[in-house]
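These notes are about the structure you will find just below.
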2 protein chains.
Amino acid sequence: MNVGEVAALAGVTVRTLHHYDRIGLLSPSGRTAAGYRRYSAADLDRLHQVLLYRELGFPLEEVATLLDDPSADPAEHLRRQHRLLRDRLERTQAMVAAVEKEMEARQMGISLTPQERFEVFGEHDPEQYEAEVQERWGDTDAYRESSRRSAAYTKEDWVRIKAEGEDLMERMAAALRAGVAPDSAQAMDLAEEHRQQITGNFYDCPPEMHAALGRMYVEDERFTATYENVAPGLAQWVSTAVQANAARQG
Amino acid sequence: MNVGEVAALAGVTVRTLHHYDRIGLLSPSGRTAAGYRRYSAADLDRLHQVLLYRELGFPLEEVATLLDDPSADPAEHLRRQHRLLRDRLERTQAMVAAVEKEMEARQMGISLTPQERFEVFGEHDPEQYEAEVQERWGDTDAYRESSRRSAAYTKEDWVRIKAEGEDLMERMAAALRAGVAPDSAQAMDLAEEHRQQITGNFYDCPPEMHAALGRMYVEDERFTATYENVAPGLAQWVSTAVQANAARQG
DNA sequence: GCACAGCCTGACGTCGCGTCAGGGTCAAGC
DNA sequence: GCTTGACCCTGACGCGACGTCAGGCTGTGC
(Lines give C-alpha, C1' and ligand atoms only; values in the text may rest on other atoms or scores of the structure.)
Protein backbone atom coordinates (compact mmCIF):
# COMPACT_ATOMS: atom_id res chain seq x y z
CA MET A 1 0.00 0.00 0.00
CA ASN A 2 1.04 3.61 -0.64
CA VAL A 3 1.25 6.27 2.04
CA GLY A 4 -2.07 7.85 1.16
CA GLU A 5 -3.92 4.58 1.43
CA VAL A 6 -2.31 3.66 4.71
CA ALA A 7 -2.99 7.13 6.06
CA ALA A 8 -6.67 6.94 5.14
CA LEU A 9 -6.96 3.46 6.56
CA ALA A 10 -5.34 4.27 9.85
CA GLY A 11 -6.89 7.70 10.20
CA VAL A 12 -3.64 9.65 10.23
CA THR A 13 -2.14 12.13 7.79
CA VAL A 14 0.51 11.42 5.20
CA ARG A 15 2.72 13.89 6.99
CA THR A 16 2.51 11.78 10.11
CA LEU A 17 3.74 8.73 8.23
CA HIS A 18 6.56 10.79 6.76
CA HIS A 19 7.43 11.89 10.24
CA TYR A 20 7.44 8.36 11.60
CA ASP A 21 9.67 7.33 8.74
CA ARG A 22 12.06 10.19 9.36
CA ILE A 23 12.47 9.49 13.05
CA GLY A 24 12.82 5.79 12.38
CA LEU A 25 9.70 4.80 14.25
CA LEU A 26 8.00 3.23 11.29
CA SER A 27 9.92 2.89 8.05
CA PRO A 28 8.01 1.20 5.27
CA SER A 29 9.53 -2.12 4.38
CA GLY A 30 9.89 -1.17 0.73
CA ARG A 31 10.20 1.58 -1.82
CA THR A 32 9.31 1.64 -5.50
CA ALA A 33 11.92 2.57 -8.10
CA ALA A 34 10.53 6.11 -8.01
CA GLY A 35 10.99 6.31 -4.27
CA TYR A 36 7.36 5.79 -3.27
CA ARG A 37 6.92 4.29 0.19
CA ARG A 38 5.38 0.84 0.16
CA TYR A 39 3.79 -0.50 3.32
CA SER A 40 3.42 -4.22 3.99
CA ALA A 41 0.95 -5.95 6.27
CA ALA A 42 3.67 -6.12 8.92
CA ASP A 43 4.12 -2.38 8.62
CA LEU A 44 0.41 -1.90 9.19
CA ASP A 45 0.71 -4.08 12.23
CA ARG A 46 3.46 -1.94 13.63
CA LEU A 47 1.55 1.22 12.81
CA HIS A 48 -1.35 -0.12 14.77
CA GLN A 49 0.86 -0.68 17.78
CA VAL A 50 2.36 2.77 17.38
CA LEU A 51 -1.03 4.43 17.30
CA LEU A 52 -2.22 2.56 20.34
CA TYR A 53 0.79 3.50 22.40
CA ARG A 54 0.63 7.05 21.11
CA GLU A 55 -3.01 7.26 22.11
CA LEU A 56 -1.98 6.10 25.54
CA GLY A 57 0.29 9.10 25.81
CA PHE A 58 3.71 7.61 25.21
CA PRO A 59 6.25 9.89 23.52
CA LEU A 60 7.19 8.50 20.14
CA GLU A 61 10.74 7.72 21.14
CA GLU A 62 9.51 5.57 23.97
CA VAL A 63 7.09 3.84 21.64
CA ALA A 64 10.04 2.97 19.45
CA THR A 65 12.02 1.46 22.31
CA LEU A 66 8.95 -0.47 23.45
CA LEU A 67 8.29 -1.91 20.03
CA ASP A 68 11.93 -2.58 19.29
CA ASP A 69 12.47 -4.39 22.53
CA PRO A 70 13.28 -7.92 21.36
CA SER A 71 12.32 -9.43 24.70
CA ALA A 72 8.72 -8.24 24.40
CA ASP A 73 6.43 -10.46 22.37
CA PRO A 74 3.13 -9.26 20.90
CA ALA A 75 1.17 -10.76 23.75
CA GLU A 76 3.09 -8.66 26.21
CA HIS A 77 2.21 -5.51 24.30
CA LEU A 78 -1.41 -6.54 24.36
CA ARG A 79 -1.31 -7.10 28.08
CA ARG A 80 0.34 -3.75 28.70
CA GLN A 81 -2.05 -1.93 26.42
CA HIS A 82 -4.94 -3.61 28.12
CA ARG A 83 -3.72 -2.60 31.53
CA LEU A 84 -3.11 1.00 30.48
CA LEU A 85 -6.47 1.24 28.79
CA ARG A 86 -8.18 -0.05 31.87
CA ASP A 87 -6.33 2.52 33.96
CA ARG A 88 -7.54 5.16 31.62
CA LEU A 89 -11.05 3.82 31.76
CA GLU A 90 -10.97 4.06 35.51
CA ARG A 91 -9.65 7.57 35.42
CA THR A 92 -12.27 8.68 32.94
CA GLN A 93 -14.94 7.09 35.06
CA ALA A 94 -13.61 8.99 38.04
CA MET A 95 -13.79 12.21 36.06
CA VAL A 96 -17.33 11.49 34.93
CA ALA A 97 -18.25 10.79 38.52
CA ALA A 98 -16.60 14.02 39.61
CA VAL A 99 -18.58 16.05 37.10
CA GLU A 100 -21.77 14.31 38.14
CA LYS A 101 -20.99 14.98 41.75
CA GLU A 102 -20.46 18.63 40.96
CA MET A 103 -23.78 18.79 39.12
CA GLU A 104 -25.56 17.14 41.95
CA ALA A 105 -23.88 19.44 44.42
CA ARG A 106 -24.99 22.45 42.42
CA GLN A 107 -28.52 21.26 42.31
CA MET A 108 -28.52 20.82 46.02
CA GLY A 109 -27.01 24.20 46.57
CA ILE A 110 -23.75 23.05 48.05
CA SER A 111 -20.39 23.80 46.63
CA LEU A 112 -17.37 21.54 46.61
CA THR A 113 -13.98 22.54 47.87
CA PRO A 114 -11.15 23.17 45.45
CA GLN A 115 -9.44 20.05 46.80
CA GLU A 116 -12.35 17.88 45.83
CA ARG A 117 -12.47 19.37 42.41
CA PHE A 118 -8.81 18.89 41.70
CA GLU A 119 -8.76 15.44 43.23
CA VAL A 120 -9.25 13.79 39.90
CA PHE A 121 -6.18 15.45 38.45
CA GLY A 122 -2.76 14.18 39.39
CA GLU A 123 -2.22 12.01 42.39
CA HIS A 124 -1.05 14.43 45.04
CA ASP A 125 -1.35 13.85 48.73
CA PRO A 126 -4.84 14.96 49.73
CA GLU A 127 -3.80 15.74 53.31
CA GLN A 128 -1.02 18.01 52.24
CA TYR A 129 -2.91 21.18 51.60
CA GLU A 130 -5.96 20.64 53.66
CA ALA A 131 -4.94 22.67 56.69
CA GLU A 132 -3.67 25.47 54.59
CA VAL A 133 -6.82 25.74 52.60
CA GLN A 134 -8.94 25.76 55.69
CA GLU A 135 -6.93 28.66 56.93
CA ARG A 136 -7.07 30.58 53.69
CA TRP A 137 -10.64 30.20 52.66
CA GLY A 138 -11.80 30.44 56.20
CA ASP A 139 -14.47 28.29 57.64
CA THR A 140 -15.48 25.99 54.83
CA ASP A 141 -19.13 26.27 55.66
CA ALA A 142 -19.05 30.03 55.29
CA TYR A 143 -17.25 29.73 52.02
CA ARG A 144 -19.77 27.24 50.79
CA GLU A 145 -22.60 29.40 51.94
CA SER A 146 -21.33 32.35 49.97
CA SER A 147 -20.86 30.21 46.89
CA ARG A 148 -24.28 28.78 47.36
CA ARG A 149 -25.92 32.16 47.34
CA SER A 150 -24.11 33.45 44.33
CA ALA A 151 -24.81 30.24 42.48
CA ALA A 152 -28.45 30.18 43.50
CA TYR A 153 -29.47 33.71 42.70
CA THR A 154 -27.76 34.31 39.41
CA LYS A 155 -30.04 32.40 37.01
CA GLU A 156 -33.79 31.99 37.05
CA ASP A 157 -33.64 28.53 35.55
CA TRP A 158 -31.48 27.62 38.37
CA VAL A 159 -34.08 28.77 40.85
CA ARG A 160 -36.75 26.70 39.18
CA ILE A 161 -34.61 23.59 39.08
CA LYS A 162 -33.69 24.01 42.67
CA ALA A 163 -37.34 24.47 43.60
CA GLU A 164 -38.23 21.27 41.85
CA GLY A 165 -35.49 19.48 43.68
CA GLU A 166 -36.60 20.83 47.00
CA ASP A 167 -40.19 19.96 46.32
CA LEU A 168 -39.24 16.39 45.58
CA MET A 169 -37.02 16.20 48.61
CA GLU A 170 -39.88 17.48 50.74
CA ARG A 171 -42.19 14.80 49.40
CA MET A 172 -39.55 12.20 50.08
CA ALA A 173 -39.19 13.47 53.63
CA ALA A 174 -42.97 13.34 54.00
CA ALA A 175 -43.02 9.75 52.82
CA LEU A 176 -40.25 8.87 55.27
CA ARG A 177 -42.14 10.48 58.13
CA ALA A 178 -45.29 8.68 57.07
CA GLY A 179 -43.41 5.43 57.50
CA VAL A 180 -43.21 4.49 53.82
CA ALA A 181 -40.62 1.74 53.37
CA PRO A 182 -37.66 2.79 51.17
CA ASP A 183 -38.02 -0.32 49.05
CA SER A 184 -41.75 0.10 48.53
CA ALA A 185 -43.24 0.95 45.15
CA GLN A 186 -44.11 4.44 46.32
CA ALA A 187 -40.54 5.15 47.39
CA MET A 188 -39.21 3.76 44.16
CA ASP A 189 -41.56 6.00 42.23
CA LEU A 190 -40.16 8.99 44.05
CA ALA A 191 -36.66 7.76 43.31
CA GLU A 192 -37.58 7.36 39.67
CA GLU A 193 -38.90 10.92 39.67
CA HIS A 194 -35.57 12.00 41.05
CA ARG A 195 -33.79 10.19 38.24
CA GLN A 196 -36.08 11.81 35.68
CA GLN A 197 -35.34 15.19 37.17
CA ILE A 198 -31.62 14.67 36.72
CA THR A 199 -32.10 13.34 33.23
CA GLY A 200 -34.34 16.24 32.30
CA ASN A 201 -32.26 19.00 33.80
CA PHE A 202 -28.71 17.79 33.61
CA TYR A 203 -27.61 14.67 31.87
CA ASP A 204 -28.92 11.33 30.87
CA CYS A 205 -28.82 9.30 34.04
CA PRO A 206 -29.50 5.60 33.51
CA PRO A 207 -30.49 3.50 36.53
CA GLU A 208 -27.00 2.15 37.25
CA MET A 209 -25.56 5.62 37.29
CA HIS A 210 -28.36 6.66 39.54
CA ALA A 211 -27.55 3.81 41.88
CA ALA A 212 -23.95 4.99 42.12
CA LEU A 213 -25.23 8.45 42.90
CA GLY A 214 -27.46 6.99 45.59
CA ARG A 215 -24.48 5.40 47.27
CA MET A 216 -22.82 8.79 47.40
CA TYR A 217 -25.66 10.15 49.49
CA VAL A 218 -24.62 8.05 52.42
CA GLU A 219 -20.89 7.94 51.72
CA ASP A 220 -20.25 11.65 51.37
CA GLU A 221 -20.91 13.49 54.56
CA ARG A 222 -21.92 16.72 52.90
CA PHE A 223 -24.67 15.10 50.90
CA THR A 224 -25.68 13.15 53.94
CA ALA A 225 -25.84 16.36 55.93
CA THR A 226 -28.03 18.06 53.35
CA TYR A 227 -30.55 15.26 53.45
CA GLU A 228 -30.38 14.75 57.17
CA ASN A 229 -31.04 18.41 57.56
CA VAL A 230 -34.42 17.98 55.95
CA ALA A 231 -35.35 14.91 57.90
CA PRO A 232 -33.30 12.53 60.03
CA GLY A 233 -32.72 9.24 58.23
CA LEU A 234 -33.56 10.74 54.84
CA ALA A 235 -30.13 10.18 53.31
CA GLN A 236 -30.27 6.48 53.98
CA TRP A 237 -33.89 6.31 52.92
CA VAL A 238 -33.25 8.01 49.58
CA SER A 239 -30.14 5.97 48.98
CA THR A 240 -32.02 2.73 49.52
CA ALA A 241 -34.98 3.87 47.42
CA VAL A 242 -32.75 4.90 44.54
CA GLN A 243 -30.96 1.59 44.55
CA ALA A 244 -34.15 -0.38 44.84
CA ASN A 245 -35.53 1.54 41.90
CA ALA A 246 -32.40 0.86 39.89
CA ALA A 247 -32.68 -2.83 40.69
CA ARG A 248 -36.35 -2.79 39.66
CA GLN A 249 -35.52 -1.26 36.33
CA GLY A 250 -32.47 -3.37 35.66
CA MET B 1 -2.49 31.45 47.10
CA ASN B 2 0.87 31.74 45.39
CA VAL B 3 1.72 30.05 42.13
CA GLY B 4 3.62 27.21 43.72
CA GLU B 5 0.77 26.28 46.00
CA VAL B 6 -1.79 26.43 43.23
CA ALA B 7 0.49 24.39 41.02
CA ALA B 8 0.89 21.69 43.66
CA LEU B 9 -2.82 21.67 44.38
CA ALA B 10 -3.87 21.40 40.77
CA GLY B 11 -1.11 19.03 39.72
CA VAL B 12 0.47 21.31 37.15
CA THR B 13 3.82 23.10 37.03
CA VAL B 14 4.47 26.71 37.85
CA ARG B 15 5.57 27.22 34.29
CA THR B 16 2.14 26.15 33.12
CA LEU B 17 0.50 28.80 35.25
CA HIS B 18 2.94 31.37 33.92
CA HIS B 19 2.03 30.29 30.44
CA TYR B 20 -1.69 30.57 31.11
CA ASP B 21 -1.13 34.01 32.49
CA ARG B 22 0.92 35.07 29.51
CA ILE B 23 -1.62 33.95 26.97
CA GLY B 24 -4.43 35.47 28.98
CA LEU B 25 -6.16 32.18 29.65
CA LEU B 26 -5.90 32.46 33.39
CA SER B 27 -4.53 35.62 34.91
CA PRO B 28 -4.49 35.66 38.69
CA SER B 29 -6.88 38.22 40.06
CA GLY B 30 -4.19 39.92 42.10
CA ARG B 31 -0.52 40.61 42.54
CA THR B 32 1.47 41.49 45.63
CA ALA B 33 3.52 44.65 45.77
CA ALA B 34 6.53 42.59 44.78
CA GLY B 35 4.73 41.25 41.73
CA TYR B 36 3.91 37.81 43.11
CA ARG B 37 0.83 36.24 41.52
CA ARG B 38 -2.06 35.79 43.91
CA TYR B 39 -4.81 33.35 43.02
CA SER B 40 -8.32 33.66 44.42
CA ALA B 41 -10.94 30.96 44.82
CA ALA B 42 -12.54 32.12 41.59
CA ASP B 43 -9.19 31.70 39.85
CA LEU B 44 -8.97 28.13 41.12
CA ASP B 45 -12.45 27.57 39.81
CA ARG B 46 -11.43 28.75 36.40
CA LEU B 47 -8.24 26.71 36.50
CA HIS B 48 -10.31 23.66 37.19
CA GLN B 49 -12.43 24.34 34.12
CA VAL B 50 -9.33 24.95 32.06
CA LEU B 51 -7.76 21.67 33.10
CA LEU B 52 -10.92 19.74 32.37
CA TYR B 53 -11.26 21.17 28.90
CA ARG B 54 -7.56 20.73 28.29
CA GLU B 55 -7.81 17.11 29.33
CA LEU B 56 -10.61 16.73 26.85
CA GLY B 57 -8.26 17.82 24.09
CA PHE B 58 -9.30 21.39 23.49
CA PRO B 59 -6.55 23.79 22.40
CA LEU B 60 -6.03 26.48 24.99
CA GLU B 61 -7.29 29.26 22.79
CA GLU B 62 -10.56 27.44 22.35
CA VAL B 63 -10.78 26.86 26.08
CA ALA B 64 -10.47 30.60 26.54
CA THR B 65 -13.30 31.37 24.15
CA LEU B 66 -15.45 28.70 25.78
CA LEU B 67 -14.88 30.01 29.27
CA ASP B 68 -15.18 33.64 28.27
CA ASP B 69 -18.46 33.11 26.50
CA PRO B 70 -20.87 35.18 28.59
CA SER B 71 -23.87 33.23 27.33
CA ALA B 72 -22.61 29.97 28.83
CA ASP B 73 -23.35 29.46 32.50
CA PRO B 74 -21.49 26.97 34.69
CA ALA B 75 -24.18 24.34 34.29
CA GLU B 76 -23.72 24.39 30.54
CA HIS B 77 -20.02 23.72 30.94
CA LEU B 78 -20.80 20.85 33.22
CA ARG B 79 -23.24 19.37 30.74
CA ARG B 80 -20.73 19.71 27.91
CA GLN B 81 -17.93 18.22 29.96
CA HIS B 82 -20.16 15.40 31.00
CA ARG B 83 -21.11 14.64 27.43
CA LEU B 84 -17.52 14.75 26.23
CA LEU B 85 -16.32 12.59 29.07
CA ARG B 86 -18.96 10.01 28.33
CA ASP B 87 -17.92 10.01 24.68
CA ARG B 88 -14.40 9.40 25.80
CA LEU B 89 -15.52 6.66 28.11
CA GLU B 90 -17.26 4.93 25.26
CA ARG B 91 -14.24 5.25 23.04
CA THR B 92 -11.93 3.86 25.69
CA GLN B 93 -14.32 1.00 26.29
CA ALA B 94 -14.27 0.28 22.58
CA MET B 95 -10.49 0.23 22.63
CA VAL B 96 -10.40 -2.07 25.61
CA ALA B 97 -12.85 -4.34 23.83
CA ALA B 98 -10.68 -4.25 20.73
CA VAL B 99 -7.58 -5.26 22.65
CA GLU B 100 -9.51 -8.02 24.39
CA LYS B 101 -10.79 -9.21 21.07
CA GLU B 102 -7.28 -9.31 19.72
CA MET B 103 -6.11 -11.29 22.74
CA GLU B 104 -8.88 -13.82 22.44
CA ALA B 105 -8.38 -14.08 18.73
CA ARG B 106 -4.74 -14.81 19.30
CA GLN B 107 -5.51 -17.53 21.75
CA MET B 108 -7.95 -19.08 19.38
CA GLY B 109 -5.57 -18.88 16.52
CA ILE B 110 -7.60 -16.41 14.55
CA SER B 111 -5.96 -13.28 13.27
CA LEU B 112 -7.78 -10.06 12.61
CA THR B 113 -7.64 -7.94 9.50
CA PRO B 114 -5.91 -4.57 9.54
CA GLN B 115 -9.29 -2.99 8.96
CA GLU B 116 -10.67 -4.48 12.13
CA ARG B 117 -7.67 -3.37 14.08
CA PHE B 118 -7.80 0.20 12.87
CA GLU B 119 -11.53 0.44 13.29
CA VAL B 120 -11.23 1.92 16.71
CA PHE B 121 -9.10 4.81 15.49
CA GLY B 122 -10.55 7.83 13.75
CA GLU B 123 -13.89 7.79 12.08
CA HIS B 124 -12.89 7.37 8.47
CA ASP B 125 -15.45 6.63 5.85
CA PRO B 126 -16.06 2.90 5.97
CA GLU B 127 -17.19 2.79 2.34
CA GLN B 128 -14.10 4.49 1.08
CA TYR B 129 -11.75 1.57 1.00
CA GLU B 130 -14.25 -1.15 0.72
CA ALA B 131 -13.33 -2.06 -2.82
CA GLU B 132 -9.70 -2.24 -1.97
CA VAL B 133 -10.34 -4.30 1.08
CA GLN B 134 -12.45 -6.64 -0.98
CA GLU B 135 -9.59 -7.12 -3.33
CA ARG B 136 -6.91 -7.50 -0.71
CA TRP B 137 -8.49 -9.23 2.17
CA GLY B 138 -11.29 -11.15 0.62
CA ASP B 139 -15.01 -11.07 1.07
CA THR B 140 -16.01 -7.85 2.75
CA ASP B 141 -19.34 -9.08 3.94
CA ALA B 142 -17.78 -11.86 5.89
CA TYR B 143 -15.41 -9.52 7.64
CA ARG B 144 -18.03 -6.90 8.31
CA GLU B 145 -20.27 -9.53 9.74
CA SER B 146 -17.44 -10.71 11.93
CA SER B 147 -16.92 -7.22 13.26
CA ARG B 148 -20.58 -6.74 13.84
CA ARG B 149 -20.97 -9.91 15.81
CA SER B 150 -17.77 -9.49 17.76
CA ALA B 151 -18.69 -5.98 18.75
CA ALA B 152 -21.67 -7.26 20.66
CA TYR B 153 -19.72 -9.86 22.59
CA THR B 154 -19.35 -9.56 26.29
CA LYS B 155 -16.59 -11.06 28.34
CA GLU B 156 -18.77 -14.05 29.14
CA ASP B 157 -19.44 -14.62 25.48
CA TRP B 158 -15.73 -14.77 24.89
CA VAL B 159 -15.22 -17.22 27.69
CA ARG B 160 -17.96 -19.43 26.30
CA ILE B 161 -16.65 -19.20 22.77
CA LYS B 162 -13.17 -19.99 23.86
CA ALA B 163 -14.38 -22.94 25.90
CA GLU B 164 -16.30 -24.30 22.93
CA GLY B 165 -13.22 -23.96 20.80
CA GLU B 166 -11.04 -25.73 23.30
CA ASP B 167 -13.55 -28.48 23.76
CA LEU B 168 -13.68 -29.15 20.05
CA MET B 169 -9.92 -29.06 19.77
CA GLU B 170 -9.67 -31.58 22.58
CA ARG B 171 -12.07 -33.94 20.82
CA MET B 172 -10.09 -33.58 17.62
CA ALA B 173 -6.89 -34.40 19.48
CA ALA B 174 -8.60 -37.43 21.03
CA ALA B 175 -9.67 -38.62 17.58
CA LEU B 176 -6.14 -38.19 16.31
CA ARG B 177 -4.71 -40.16 19.22
CA ALA B 178 -7.34 -42.88 18.68
CA GLY B 179 -6.03 -43.26 15.16
CA VAL B 180 -9.03 -41.83 13.35
CA ALA B 181 -8.06 -41.05 9.76
CA PRO B 182 -8.27 -37.35 8.89
CA ASP B 183 -10.29 -38.11 5.77
CA SER B 184 -12.76 -40.37 7.55
CA ALA B 185 -16.39 -39.39 8.01
CA GLN B 186 -15.83 -38.93 11.74
CA ALA B 187 -12.99 -36.48 11.17
CA MET B 188 -14.99 -34.64 8.55
CA ASP B 189 -17.86 -34.30 11.00
CA LEU B 190 -15.53 -32.71 13.51
CA ALA B 191 -14.25 -30.39 10.80
CA GLU B 192 -17.80 -29.47 9.91
CA GLU B 193 -18.47 -28.69 13.56
CA HIS B 194 -15.46 -26.42 13.49
CA ARG B 195 -16.85 -24.60 10.47
CA GLN B 196 -20.23 -24.21 12.16
CA GLN B 197 -18.55 -22.81 15.20
CA ILE B 198 -16.86 -20.11 13.16
CA THR B 199 -20.05 -19.36 11.29
CA GLY B 200 -22.06 -19.17 14.48
CA ASN B 201 -19.65 -17.07 16.45
CA PHE B 202 -17.75 -14.97 13.96
CA TYR B 203 -18.56 -14.81 10.32
CA ASP B 204 -20.22 -16.88 7.67
CA CYS B 205 -17.61 -19.38 6.67
CA PRO B 206 -18.52 -21.35 3.56
CA PRO B 207 -16.62 -24.60 2.82
CA GLU B 208 -14.17 -23.02 0.39
CA MET B 209 -13.18 -20.35 2.90
CA HIS B 210 -12.89 -23.06 5.47
CA ALA B 211 -10.58 -25.01 3.20
CA ALA B 212 -8.39 -21.94 2.81
CA LEU B 213 -8.37 -21.59 6.57
CA GLY B 214 -7.39 -25.25 6.83
CA ARG B 215 -4.43 -24.69 4.58
CA MET B 216 -3.34 -21.84 6.81
CA TYR B 217 -3.15 -24.18 9.77
CA VAL B 218 -0.10 -25.85 8.31
CA GLU B 219 1.29 -22.89 6.39
CA ASP B 220 1.24 -20.31 9.10
CA GLU B 221 3.54 -21.25 11.93
CA ARG B 222 1.46 -19.41 14.51
CA PHE B 223 -1.56 -21.54 13.82
CA THR B 224 0.55 -24.64 13.55
CA ALA B 225 2.09 -24.00 16.95
CA THR B 226 -1.31 -23.62 18.58
CA TYR B 227 -2.48 -26.98 17.30
CA GLU B 228 0.78 -28.81 17.74
CA ASN B 229 0.81 -27.67 21.32
CA VAL B 230 -2.33 -29.68 21.98
CA ALA B 231 -1.16 -32.82 20.18
CA PRO B 232 1.71 -33.47 17.79
CA GLY B 233 0.45 -33.85 14.25
CA LEU B 234 -2.85 -32.16 15.03
CA ALA B 235 -2.31 -29.18 12.72
CA GLN B 236 -1.84 -31.46 9.73
CA TRP B 237 -4.69 -33.69 10.83
CA VAL B 238 -7.15 -30.81 11.18
CA SER B 239 -6.00 -29.25 7.94
CA THR B 240 -6.61 -32.48 6.05
CA ALA B 241 -9.96 -33.06 7.72
CA VAL B 242 -11.14 -29.56 6.97
CA GLN B 243 -10.21 -29.85 3.33
CA ALA B 244 -11.74 -33.30 3.01
CA ASN B 245 -14.92 -31.94 4.53
CA ALA B 246 -14.93 -29.02 2.13
CA ALA B 247 -14.49 -31.39 -0.79
CA ARG B 248 -17.32 -33.55 0.50
CA GLN B 249 -19.65 -30.55 0.70
CA GLY B 250 -18.61 -28.90 -2.55
C1' DG C 1 21.82 39.61 58.71
C1' DC C 2 22.19 35.82 56.13
C1' DA C 3 20.87 31.49 54.17
C1' DC C 4 17.62 29.40 51.35
C1' DA C 5 13.28 28.46 49.42
C1' DG C 6 10.24 30.73 46.36
C1' DC C 7 8.97 34.26 43.04
C1' DC C 8 9.87 37.13 38.81
C1' DT C 9 10.83 37.85 33.60
C1' DG C 10 13.08 36.80 29.33
C1' DA C 11 14.64 33.54 26.09
C1' DC C 12 15.74 29.44 23.89
C1' DG C 13 14.68 24.25 23.31
C1' DT C 14 11.50 20.32 22.34
C1' DC C 15 7.90 17.30 20.50
C1' DG C 16 4.66 16.10 17.11
C1' DC C 17 3.31 17.23 13.73
C1' DG C 18 0.81 21.27 9.99
C1' DT C 19 1.73 23.69 6.06
C1' DC C 20 3.66 25.47 2.09
C1' DA C 21 7.20 25.28 -1.84
C1' DG C 22 9.23 23.18 -5.69
C1' DG C 23 9.37 19.32 -8.27
C1' DG C 24 8.92 14.17 -9.94
C1' DT C 25 5.32 9.98 -11.02
C1' DC C 26 1.47 7.43 -12.77
C1' DA C 27 -2.95 6.00 -14.91
C1' DA C 28 -6.57 7.73 -17.75
C1' DG C 29 -8.38 9.86 -21.59
C1' DC C 30 -8.00 12.29 -25.91
C1' DG D 1 2.21 10.43 -27.61
C1' DC D 2 0.70 14.03 -24.88
C1' DT D 3 -1.77 16.27 -21.40
C1' DT D 4 -4.25 16.36 -17.12
C1' DG D 5 -4.88 15.67 -12.40
C1' DA D 6 -4.29 12.95 -8.48
C1' DC D 7 -0.58 11.32 -5.86
C1' DC D 8 4.27 11.07 -4.31
C1' DC D 9 8.92 13.04 -2.91
C1' DT D 10 12.15 16.06 0.02
C1' DG D 11 13.31 20.21 2.39
C1' DA D 12 12.15 23.87 5.43
C1' DC D 13 9.66 26.85 8.29
C1' DG D 14 5.74 27.38 11.79
C1' DC D 15 3.12 26.31 15.88
C1' DG D 16 1.08 24.89 20.35
C1' DA D 17 2.07 23.91 24.99
C1' DC D 18 4.89 23.90 27.61
C1' DG D 19 10.35 22.41 29.74
C1' DT D 20 14.43 24.34 31.07
C1' DC D 21 17.95 27.33 32.16
C1' DA D 22 19.75 32.16 33.37
C1' DG D 23 19.95 36.15 36.10
C1' DG D 24 17.89 38.57 39.61
C1' DC D 25 14.38 40.02 43.41
C1' DT D 26 11.54 38.52 47.84
C1' DG D 27 10.28 36.62 52.25
C1' DT D 28 11.02 33.89 56.33
C1' DG D 29 13.44 31.44 60.04
C1' DC D 30 17.35 31.24 62.90
Side-chain angles (χ1 to χ4, degrees), chain A residues 1-40 43 46-47 49-67 121-122 128-129 132 135-136, chain B residues 1-40 43 46-47 49-67 121-122 124-125 128-129 131-132 135:
Chain A
M1 291 173 86
N2 282 345
V3 271
E5 303 172 295
V6 174
L9 176 63
V12 300
T13 69
V14 169
R15 179 66 178 85
T16 299
L17 294 176
H18 282 179
H19 185 56
Y20 291 173
D21 189 1
R22 172 71 61 97
I23 66 173
L25 174 57
L26 172 63
S27 296
S29 51
R31 292 266 189 154
T32 68
Y36 282 28
R37 290 173 178 80
R38 305 253 49 193
Y39 291 84
S40 69
D43 296 335
R46 185 175 172 101
L47 177 57
Q49 299 295 318
V50 167
L51 294 184
L52 249 172
Y53 277 126
R54 184 189 70 167
E55 174 90 22
L56 286 166
F58 286 85
L60 297 185
E61 203 178 315
E62 209 164 325
V63 172
T65 68
L66 276 174
L67 294 182
F121 299 108
Q128 200 168 350
Y129 283 84
E132 183 181 359
E135 174 191 330
R136 282 183 197 274
Chain B
M1 291 175 87
N2 282 346
V3 272
E5 304 171 294
V6 173
L9 176 62
V12 300
T13 68
V14 169
R15 179 64 178 89
T16 299
L17 294 175
H18 283 178
H19 186 55
Y20 291 173
D21 189 2
R22 172 72 62 96
I23 66 174
L25 173 57
L26 173 62
S27 297
S29 51
R31 291 266 187 157
T32 69
Y36 281 29
R37 290 172 178 81
R38 307 253 44 192
Y39 291 84
S40 70
D43 295 336
R46 186 176 171 100
L47 177 56
Q49 298 296 316
V50 167
L51 294 184
L52 250 172
Y53 277 126
R54 184 188 70 168
E55 174 89 23
L56 286 166
F58 287 85
L60 298 186
E61 205 178 312
E62 211 163 323
V63 172
T65 68
L66 276 173
L67 293 182
F121 296 110
H124 58 285
D125 188 4
Q128 199 169 348
Y129 282 82
E132 183 182 357
E135 173 193 330

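If you're wondering where the values come from, they're calculated on a predicted model, not measured in any experiment. All chains are named by letter (A, B, ...) in the order of the sequence lines, taking the proteins before the strands, and each is independently numbered beginning at 1.
- Atom CD in A:E62 sits roughly 18 Å away from atom P in C:dT14 (whole-Å rounding).
- For B:N2 and D:dT28, the CG to P distance is 10 Å, given to the nearest whole Å.
- We find that CG of A:L17 is positioned 15 Å from P of D:dC7, with the value rounded to whole Å.
- Side-chain contact of A:N2 with A:R37: a donor-acceptor pair under 3.5 Å is absent, judged by distance alone.
- Between A:R22 and D:dC9 there is no side-chain polar atom (N or O) within less than 4.0 angstrom of OP1 or OP2.
- Between the C1' atom of C:dT9 and the CZ atom of B:R31 lies a distance of 10 Å, rounded to the nearest Å.
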- Going 5' to 3' through nucleotides 13-24 of chain D and flagging B where a protein heavy-atom sits under 4.0 Å of the base, S where only the sugar-phosphate is that close, and - otherwise, we get ----BBBB----
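- The shortest distance between the side-chain N/O atoms of B:R37 and the OP1/OP2 oxygens of C:dC8 is below 4.0 Å.
- Closest heavy-atom contact between B:S40 and B:D43: N-OD2, 2.9 Å.
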Determine all donor-acceptor pairs shorter than 3.5 Å in which one atom belongs to a side chain in residues 57-67 of chain B; sequence neighbours excluded.
unit_1: B:T65; atom_1: OG1; unit_2: B:E62; atom_2: O; d: 2.8

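- Contact of B:Y36 with C:dG6 (side chain to base): a donor-acceptor pair of N or O atoms is detected under 3.5 Å.
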- Go through A:R31 and A:D21 one step at a time and tell me if the salt bridge (Lys or Arg N to Asp or Glu O under 4.0 Å) criterion holds. CA-CA 12 Å; A:R31 292 266 189 154; A:D21 189 1; 3.2 Å; yes
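- Side-chain atoms of A:R46 come within 3.5 Å of backbone atoms of A:L25 as a donor-acceptor pair (strictly under, hydrogens ignored).
- Residues B:L47 and B:A10 share a closest heavy-atom pair of CD2-CB, 3.6 Å.
- Distance, A:E5 CD to D:dC8 C1': 12 Å, rounded to whole Å.
- If you measure from atom NE2 of B:H18 to atom P of C:dA11, you get 16 Å, rounded to the nearest angstrom.
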